[in-house]
Amino acid sequence: MGVMEKIAAKPKAATKVAKVDKKSLPLDRILKMDCIEAMRSLPDACVDMVFADPPYNLQLGGDLQRPDGSQVDAVDDDWDKFDNFAAYDKFTAEWLAEARRILKPDGTLWVIGSYHNIFRVGATLQDQGFWILNDIIWRKSNPMPNFKGTRFTNAHETLIWAAKSEKARYTFHYRSMKTLNDELQMRSDWVIPICGGKERLKLNGTKAHPTQKPEALLYRILLACTNPGDVVLDPFFRNRHHRRGGQAPSAALDRLRA
Ligand SMILES: C[S@@+](CC[C@H](N)C(=O)[O-])C[C@H]1O[C@@H](n2cnc3c(N)ncnc32)[C@H](O)[C@@H]1O
């Protein structure tokens, strides 16, 4: 038998901001441009959630091969290349500042990254005034092995969930999360497989995007932290070479709408 729980309604944040008419926003569209420029074209406080999957700045040197000699499809795209940490930090500070400006006072930011970038992104967002609510470990149930056997298998990515300020009255559907987790409080470590099978978008038989995120990850985030009618922005949706087919946030939204 289920348990009834009354979750106290939280008053909205006291900060007054002018309401933006949603009709004036480019909803349900891919803005085919640099995301910092695109965000600059949007009014203040018009978005309820930003989900960001920024470049990792992997700094890969040389090819990576499997023990059988085959090539690993690593992230070696130009969009992931930065001259140095300073250049990456500058880029991070710029997109985060715009994301912060367009977020409503009670809106939240989600950023996903790996050990290559998430600590730098985390420090920058704290410096800008964001208030970290959780870091979620996405534990990959089917990670890529460490082919060289020189390090531990890199089996997780980290997501930072942050509010605009400590006082923000952000959305969190505690009850839905508990229901999704067999009546146990949802924890901060999520075991979800990486994209594979039919979900993995392909172009001419090879991966359409090297870092496609699983729909299940986005589904959980959207279910936990948004309400019907909310406006969600994904600044790093996909570049012009990878625009075929659906993508995790939009696919997850379709599932929520169904
Ligand atoms: C880590 S991937 C995101 C993958 C995506 N979440 C998915 O599941 O398919 C980062 C993406 O951001 C894009 N990107 C990088 N810099 C950008 C920028 N300044 N403006 C817009 N998109 C950018 C890249 O082209 C790349 O497709």
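Both counts, for ligands and for their atoms, begin at 1 and track the order of listing.
A donor-acceptor pair shorter than 3.5 Å cannot be found between the side chains of Gln59 and Tyr88. Checked by atom type, the side-chain pair Thr124/Arg120 shows no donor-acceptor distance below 3.5 Å.
Closest heavy-atom approach to atom 11 (C) of ligand 1 within the set Phe237, Trp95, Phe236: this belongs to Phe236. Between atom 4 (C) of ligand 1 and the options Asp53, Leu218, Leu201, the minimum heavy-atom separation is to Asp53.
Contact analysis leaves Pro210 out of contact with ligand 1, as no non-hydrogen atom separation drops below 4.0 angstrom.
No more than 12 heavy atoms of other residues, nucleotides or ligands shown are found within 6.0 angstrom of CZ on Arg139.
Close approach to Gln212 involves these atoms of ligand 1, each under 4.0 Å from a residue heavy atom: 7 (C), 8 (O), 9 (O). Annotation for ligand 1: atoms under 4.0 Å from non-hydrogen atoms of Lys213 are 7 (C), 8 (O). Atoms of ligand 1 lying under 4.0 Å from any heavy atom of Tyr56, numbered from 1 in the order shown and given with element: 1 (C). Atoms of ligand 1 lying under 4.0 Å from at least one heavy atom of Pro235, given by number and element, are 21 (C), 22 (N).
At a heavy-atom distance under 4.0 Å, only side-chain atoms of His209, from C-beta outward, approach ligand 1. Of all the heavy atoms of Ala38, none lies under 4.0 Å from any atom of ligand 1, so neither backbone nor side chain is involved.
The distance criterion of under 3.5 Å between nitrogen or oxygen atoms is met by Cys35 with respect to ligand 1.
Taking the ring centroids of Trp79 and Phe236, they lie at or beyond the 6.0 Å cut-off.
Residue pairs meeting the ring-ring contact (aromatic ring centres under 6.0 Å, His included) criterion with at least one partner in residues 114-163, sequence neighbours excluded, are Trp110-Trp161, Trp161-Tyr170, Trp161-Phe172.
Remark: Asp78 engages no residue in a side-chain hydrogen bond (donor to acceptor under 3.5 Å, both in side chains) (not counting sequence neighbours).
The side-chain hydrogen bond (donor to acceptor under 3.5 Å, both in side chains) test with Lys104 singles out one residue from Asp44, Asp230, Asp48, and that residue is Asp48.
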